[in-house]
Each structure stands twice: as structure tokens, then as C-alpha cells.
Q: 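Take this structure, written in C-alpha cells, and hold onto it; I'll ask about it next.
In this text the structure is predicted, and so the values were computed from the model without any measurement. Order of the sequence lines sets the chain letters (A, B, ...), proteins ahead of strands, with each chain counted from 1.
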Amino acid sequence: MIGLSNLANRSPWTSGILHFSLSQYFQRGSTLVEKKPYSFLRMSIAEAVSKALFSECNSKVQPSQLELLLEEPRRREFGDLSFPLPRLRQYCGKGMDELWKVVKKALSEHPLIKDLIRVGSYSNIYVDMAKYSFLFFESLKELKEQYGKPFSSKKERIVVEYVSANPVHPLHIGSGRNAVIGDFIYRILKEAGNEVERRYYVDDVGLQVAYLAYGYIKLGKPQPPQGMKPDHYYGLIYAATATIVDILKLKRLQAEAKNSGESEKYAQLGDRIHRLLADLSRLKERIPDEVNRLMDEISKEPDPEASISKLMREYELGLKSSEPVREVAQKVIEGIRQTLAALGIEMDKWDWESDLIKEGLVDEVIKKAYSSPYFGEHKGLPALVFADLLKDEEIRAKLRIPTGLEVPPLILRRSDGSTLYTTRDIAYTLKKFREFKADKVINVIAVEQTLPQTQLRLALYALGYEKEAESLYHYSYEMVNLPGKSMSGRRGAYVTVDEVINMMTEVVMNFMEKRGEASRSLALKIARSAFKYMMLSASPSKMLVFDIERALDRKQLSGPYLQYTFARAKSVLRKAGGEVPWEQIDCSKADVGLRKELIWLLSQYPSVVQKVSEELQPEDLVAHLNKVSDIFNRWYDSEPIAKEAEVGTRALKLAITYGVSVVLENGMKILGMDVLPRI
RNA sequence: GGGCCCGUAGCCCAGCCAGGACAGGGCGCCGGCCUUCUAAGCCGGCGGUCCCGGGUUCAAAUCCCGGCGGGCCCGCCA
């Protein structure tokens, strides 16, 4: 089969394909089926013009350059595609009139072009829909549900690390965005033919888990009450512990301020304590006994923070006294795993940071760092100093470090000898590359971690892992906010994925009940798909304001819109007997209103997915599926499909409908949405 | 103070990288359409200083410079 990637050495012009009549073209059999009809069309036009510019002006402009200039007019009256003539001037110094003649001559023989009209400075191209749709239908008929499948020419081994939320509280909607985006990346890379592995990094060695474990121990290792998920319960314990420790610390500072007569500082601290107490009383409503007991127990400690650090250090050293740390983290992770399962998201590997230390990988990295030429001191502590590396523009470019970004040294160890997250992450990155023999590692991590992720690449480079440094990608996404609220895990103020999914499921259930039948498992599939749709419809680089009211508004759930449209198309096909009578298709009926629009959009789909798989921008795929659904629904309303009397037209309509179902199914699967035959 | 991201209708978002024809959707609001293939749908209407100011260009929402507004980062947290 001919893919666009083959065009470079097998041009349709030099091979003469397009000089055949279309019937001859298809008689040559399925080996000539075009995987991406739209790209094929554009490239063939660009090649023709490129050739003409060469012979008329001796211009050596590449077809791919010209292809970029080829635009779709906003209004159909102006044609299907169009060249702005002035843009061609940079390749050929002639005047517009002459350029127009060149383009006209170049394209007048093109078998897929029906007409060419100059309007002002545009040369408007009208595609011969009968022939072009034939090309599209041949492709669809041959590829069936494989139509639009992206392909990676490299077939790489890729690790995608995502979610990786710390095991101290349930997944909140920010982690939800991470989970959904990461899963999309996994799915599309896999679909494109790569070997992909999903990994979750459990950071059980950090300070946060130590806080949770500290509270957990103080309470005598309590179990969650009936009906409460462990991540939710221990999330409250974590927040209560952290808040109480903070309150006690501020109270001590306040007492000091009072003694030294700093009245302004005293008042300021008072305000902060007041706010923390408000947070605490909110937590108290949920777990009153636990909060009271924690307050009593922690107040007895002379220096709770020191005890927490000690616990963390003991855990890193693998001492028995710290066993409850792993124990409680494990329980939280089980809750998180349940949430992911409800979303239909699975991981291949759960990597415990403490195991990484046991395996000696962290020691290995630190040893290597000490002998690195970039080893130095920062704030009196062992560090990797990047100043020299950063001066080298070539290295900056290779490691994708923005110009002007200053990167402070990376401290390797705390003064108590314990390691820091980013140090351990160096080891973890190597583990990901080694274990999976990965060509590429993609970390899906929030944008606020841009700096440590940059330090990570520099550190790898500094330690001599240059290839790994260059093959490590930080896929960043913006935070999710609630209107008017600020979120804080440390204070237990967050909206969880569980509650959002539950609420959405309820809304869907209510809707279903009003219609008669209701099924909880179906409702969940609709709700979670709506959730994913929402998370993927906005560019990851944009902050997402998660308005629960809006999310629960049925009309706003555009996930169901896609699911509904798919079910509708399936239903039509079912009623029509299932099989598309390919041989009966009358392509001369394709150039009509919305039918043409649909064929046009469907023919573009493989090109869209291909680009999405390369640039990993889910919102482009969402937008395209939306457009397909929109036009299909309008078309569905405007004329009968299965009930069409004329045989050739009916076959055409069924083929279009089949195309819609294939494209929506393929696209929704990539987005991780549930594809439902009925809704 | 420095760096990065965002700014397009009452609200949410696409278009910006690769500049082109009267700037596209969705929500909301107003009014219509189920004896016909799934009405979770469709049709019509209302709604815009593309944050502001310069510059480049035949042509700027898009590129450049300077502002303004919002967010994030600059920790012996992650």
C-alpha cells in the first residue's frame, strides 16, 4: 500500500498513476489503495505546482513547502482548496497574472481536479468529488476498521510514566487530567505500532508519605471505616497530620514573637494559625476522633517535624521501625488503583521508590555524580552544578532547554544524608530506560515541575548518560482549577476523581431513568468518557477550569455526543442489513451538500490522526471527531440513508455512514472513551 | 527581580508553530421540529475593540518590539 511517506521516492507524477483514468487506477488492485487520501490529494497538487515552478521559473521549491501554502477556503464557494498566488512569488518572481497561468497549466491536467478559478489573488481549486470519493471509498473498503490507523515509521520502544500521584491522598482532578492525558499518549503511540509500557512511580520515600505514616502510627494504625475507600480515609489523616504539625510550629513561632516583642509578626502568625484552624475544623467534621487524638498526641512531641524526618530517614535506610510507611502507602495505592480501574486505566508497572533504593540504583547514581566533572557544592551540600553545561548552546538545544532559562545546581543529599526526589528520579529514569530497553521515555508531569525535569535531563547528561538525556521528554500539562477555590492536598481541600465520576454517573442514571431503562455500568461508561473528553478537549498547555455544574450539564457532556452519534450510525447500518454494498456505490452522487462535507472530513481523518500521533495533541483529534459528528447529525436529519430508494445513492450513503462509524470508533478508542453500540 | 505559560462573544474553547478572502464551534438565552433510519438529535435567531500600543508586510488573531492582566516556577518539598 502506498503511504504518504513513500511519496518521496514514488511520486504519483513520475509513476504516472494519476494519468490513468480512475477505472484503470483501481483495476490495479488494492496495492494502490491510499491510506491517507487527503494528504495524497494535497501532495499531488503540490508536486504538480512544484514541477511547473521548476520548469517555468527554475524554482527548486519542495512540494512539501508548497503543500503548506495550500489552504482550505473558509467558504465553500471559493473552492475546496486554494493557493494564495502572492505566496508563490517568493519561489517565482513573476507577477500574479503569470503565476496564475503557471498554476492553471500545472493543474489543468490533474485528474482529481474538476475546475480552477481565479478570484483576485487566489487560485481556487475545485476537486472532482466523484473521483476523489472513489479514492476514499477504495481506501475505506480495503482497510475497513484499520482506516485511519496512525503509523510510526520508527516503531520505537517507549515508556510513558503517568499519574504517579504521591500515595498520601486520593486522585484529585489534577491527577485525573494527568491520568487521562497519559493514557491517551499510551494508546495513540501503541496504535501507531510502537512498543509502549505504562509506569506509575510510587514516591513512598518522600516527606509527604512520612507525614502520613507519622499520623498513622500515632493513631495506632487505624483501618478505614466501612464504606470509605482507603485513599480517602488516609488522605484525611495525612491532611490532619500535616495541618496540626503546621499549627504547632506556627504557635511556637508565635510564642517566640511575643517574647521578643515583635507585635506585627505576632499578629501575622495569628492570622495564619486562624486559617489553619479553620482547615482543621473542616477535617474534624469528617474524622472527629482521629483529629482530636492526633492533636493530643502530636502536641506531646517536642519537635514533630524532626520525628517525621527521622521516620523518613529510617525508611530510606530500610529500618524495621519504619515498616508502617510502606504499609499505609500500599493501602492508599490500592485506593488509587481502584479509581484508575473505574476510569478504565491500567498500568503495566508500579515502581516503588524504596525498591529503587534497595536495588542500589540510587547509590550507583550518587557515586557517579561524585566523580562527575560537574560535581560541586551548593549551599554547602554536594550538588551537580550546571553552569558550564548551560553555556553550550548546542547542549541546550539537544536537551530542549529554553534560552534564558537559568537552572540552579541540583543538590544530591540533605544535610542528614537522605536523598532528594530529583536525585532519586535520575536513578528511576535509568531504570525505565534499562528495564524496557526504551528508545524514549515520556514523563507526563505537571508544568510546575518544569525546572526539576530540566535538572533531570542535565544531570543525566552530566553523568554521561547523554543519549538518555536527549531521549527523555517532559510532557507537561497545566493545572486544573475549581472556580473560586484553591486546592491543597496538605489541607485536604480537593475535589476527587471519585466524587466527580460518581456525580456524573448519577446524572447520567437520572437521565436514563427518565427515558425508561437505566444501567449503572453503562452510566459509568458514559460518565467516564465524558470526563476524559473534557480533559482532552482543551490543549494541555491551557489551564482547565473544572466547573462541576458545567461538567454535570448533560448538554455540555460532549463525550456522549460522540457516543450517541456512533450509536446512531451503527443503528442505521444495522437496519440496513450490516454490509455496505461497495460495488454499487455511485460516486457521481457524492458531490452533494453535506455528503460531500462528510466525505471530505472522513478522508482527512487519517492525516489528522497521523499528525496527532506525532505531536501528541489530543484536542485536535477531539475537534475532528466533533466535526464529523456534527456534520453527520445534520446530514442524518436532512435526508434518508437506509431508506434511500436509488441503489447507487443508497450504497454511497451507507458507505459514508460506515465511514463515520469507523472514524468515530477508532478516534474514541484512542481517546480512551468507551465505544458503545447502543446508548 | 528573572524565566515560562495563558489572554479570541456573558461563559468555555478552536484557529497562532508553517501570515491570506466577511474570525469558527460549544454552552447559555429566544423561537421552531418526533405517524419516517436512536430528539443524549436537528433548524433558525441574538451575541466579537481577536487584552492594549507600535512595527514588519500587498496582507497580521497569527510574526517582531514594548506594555497590561491572570497563572506557575526560581526549596536541604514533590
Q: Name every residue in residues 167-182 of chain A that has at least one heavy atom under 4.0 Å from any atom of RNA chain B, in order of residue number, or write none if there are no such residues.
A: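 Listed by number, there are none.
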Q: Inspect the surroundings of CZ in R400(A) and state if more than 12 heavy atoms from other residues, nucleotides or ligands are less than 6.0 Å away.
A: yes
Q: With sequence neighbours left out, what residues match D637(A) under side chain to side chain contact (heavy atoms under 4.5 Å, CB included)?
A: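 Listed in chain order: R568(A).
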Q: Looking only at side-chain N and O atoms, does Y561(A) come under 4.0 Å of OP1 or OP2 in C42(B)?
A: yes
Q: By side chain to side chain contact (heavy atoms under 4.5 Å, CB included), which residues pair with I117(A), not counting sequence neighbours?
A: D115(A), V119(A), Y126(A)
Q: Can you measure F511(A) atom CZ to G41(B) atom C1' for me and round it to whole angstrom units?
A: 10 Å
Q: Which is true for L405(A) with a 4.0 Å heavy-atom rule: it touches a base, it touches only sugar-phosphate, or it touches nothing?
A: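 Contact class for L405(A): sugar-phosphate only.
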Q: Between atom CG in N626(A) and atom P in G15(B), what is the gap in whole Å?
A: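 Taking CG of N626(A) and P of G15(B), I get 13 Å after rounding.
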Q: Output yes when D351(A) and K432(A) qualify as a salt bridge under the 4.0 Å nitrogen-oxygen rule, no when they do not.
A: no
Q: So what does P382(A) touch, heavy atoms closer than 4.0 Å: a base, only the sugar-phosphate, or nothing?
A: nothing
Q: Between Y234(A) and H169(A) (judged by ring centroids, cut-off 6.0 Å), do the two rings come close enough to count as a pair?
A: no
Q: Partners of E614(A) by salt bridge (Lys or Arg N to Asp or Glu O under 4.0 Å), sequence neighbours excluded?
A: none
Q: Do Y428(A) and Y201(A) have ring centroids that are under 6.0 Å from one another?
A: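 Here the rings of Y428(A) and Y201(A) have centres that are less than 6.0 Å from each other.
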Q: Considering only nitrogen or oxygen atoms on both sides, find all protein atoms under 3.5 Å from nucleotides 76-78 of chain B and state each distance.
A:
residue: C76(B); atom: OP2; partner: K379(A); partner atom: NZ; Å: 2.7
residue: C76(B); atom: O2; partner: S415(A); partner atom: N; Å: 2.7
residue: C76(B); atom: O2; partner: S415(A); partner atom: OG; Å: 3.0
residue: C76(B); atom: N3; partner: S415(A); partner atom: OG; Å: 2.9
residue: C77(B); atom: OP2; partner: R414(A); partner atom: NE; Å: 2.2
residue: C77(B); atom: OP2; partner: R414(A); partner atom: NH2; Å: 2.7
residue: A78(B); atom: OP1; partner: R414(A); partner atom: NH2; Å: 3.2
residue: A78(B); atom: OP1; partner: R424(A); partner atom: NH2; Å: 3.4
residue: A78(B); atom: OP2; partner: Y421(A); partner atom: N; Å: 3.2
residue: A78(B); atom: O3'; partner: D203(A); partner atom: OD2; Å: 2.3
residue: A78(B); atom: O2'; partner: N166(A); partner atom: ND2; Å: 3.3

Q: At under 4.0 Å between heavy atoms, what does E639(A) touch on the DNA or RNA strands: base, sugar-phosphate, or nothing?
A: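 If one applies the 4.0 Å heavy-atom cut-off, E639(A) turns out to touch a base.
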Q: Under 4.0 Å, counting only non-hydrogen atoms across every strand here, what does S541(A) touch: a base, just sugar-phosphate, or nothing?
A: sugar-phosphate
Q: Report the residue (K611(A) or F78(A)) whose heavy-atom-nearest nucleotide on RNA chain B is the more 5′ of the two.
A: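 On the 5' side of the pair lies K611(A).
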Q: Polar pairs (N or O, both sides) under 3.5 Å between protein and nucleotides 43-46 of chain B?
A:
residue: C43(B); atom: OP1; partner: R634(A); partner atom: NE; Å: 2.9

Q: Is it the case that the base of A21(B) and the side chain of S82(A) share a donor-acceptor contact (distance under 3.5 Å, atom types as modelled)?
A: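 In this structure, the two groups form a donor-acceptor pair.
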Q: Which residues in residues 62-69 of chain A have a heavy atom closer than 4.0 Å to any atom of RNA chain B?
A: L68(A)
Q: For M479(A), give me all partners under side chain to side chain contact (heavy atoms under 4.5 Å, CB included), at least two apart in sequence or on another chain.
A: N481(A), M543(A)
Q: Sequence neighbours excluded, which residues qualify as side chain to side chain contact (heavy atoms under 4.5 Å, CB included) partners of R76(A)?
A: E72(A), D80(A), E597(A), W600(A)
Q: Going by the rule salt bridge (Lys or Arg N to Asp or Glu O under 4.0 Å), which residues pair with K653(A) if we only count those two or more places apart in sequence or in a different chain?
A: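 Salt bridge (Lys or Arg N to Asp or Glu O under 4.0 Å) check on K653(A) returns E639(A), E644(A).
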Q: One character per nucleotide, please: for nucleotides 56-61 of chain B, 5' to 3', B when the base has a protein heavy atom closer than 4.0 Å, S when only the sugar-phosphate does, - otherwise.
A: --B---
Q: Scan side-chain atoms only and decide if T243(A) and R491(A) contain a donor-acceptor pair under the 3.5 Å cut-off.
A: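 Yes, R491(A) and T243(A) have a side-chain donor paired with an acceptor closer than 3.5 Å.
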Q: What is the distance, rounded to the nearest whole Å, between atom CG of L676(A) and atom P of U38(B)?
A: 16 Å
Q: What is the separation between atom CE on M673(A) and atom C1' on A40(B), rounded to the nearest whole Å?
A: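 Spelled out: CE on M673(A) to C1' on A40(B) is 12 Å.
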Q: Are N178(A) and Y477(A) close enough that a side-chain donor and a side-chain acceptor fall under 3.5 Å?
A: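 Checked: N178(A)/Y477(A) side chains pair up, N/O donor to acceptor below 3.5 Å.
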Q: Any donor-acceptor pair under 3.5 Å linking the side chain of R199(A) with the backbone of E161(A)?
A: no
Q: If you assign L81(A) and A569(A) each to the RNA chain B nucleotide with the nearest heavy atom, which residue ends up on the more 5' nucleotide?
A: L81(A)
Q: Would you say the base of A21(B) and the side-chain of N124(A) have a donor-acceptor pair closer than 3.5 Å?
A: yes
Q: In whole angstrom, what separates L451(A)'s CG from C5(B)'s P?
A: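 My rounded result for the distance is 14 Å.
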Q: Does a side chain donor of either T565(A) or N633(A) reach within less than 3.5 Å of an acceptor in the other side chain?
A: yes
Q: By the 4.0 Å heavy-atom rule, please label P84(A) as base, sugar-phosphate, or nothing.
A: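 Contact class for P84(A): base.
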Q: Starting at CG of D637(A) and ending at C1' of C34(B), how long is that distance when rounded to a whole Å?
A: 10 Å
Q: May I have the distance from F386(A) (atom CZ) to C74(B) (atom C1'), rounded to whole angstrom?
A: 15 Å
Q: Rounded off to whole Å, could you give me the CD-to-P distance for the Q455(A) and C73(B) pair?
A: 14 Å
Q: How about CE on M503(A), more than 12 heavy atoms from neighbouring residues, nucleotides or ligands closer than 6.0 Å, or not?
A: no
Q: Would you name the heavy atoms of I426(A) and A459(A) that are closest together and state the gap between them?
A: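 The pair with the smallest heavy-atom distance is CD1-CB, 3.6 Å.
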Q: Does the side chain of D204(A) come under 3.5 Å of the side chain of Y315(A) through a donor N or O and an acceptor N or O?
A: yes
Q: With sequence neighbours left out, what residues match K249(A) under salt bridge (Lys or Arg N to Asp or Glu O under 4.0 Å)?
A: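 Counting only residues at least two positions away or on another chain, K249(A) forms a salt bridge (Lys or Arg N to Asp or Glu O under 4.0 Å) with E305(A).
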Q: For A623(A), report the nucleic acid contact type (base, sugar-phosphate, nothing); a contact means any heavy atom under 4.0 Å.
A: nothing
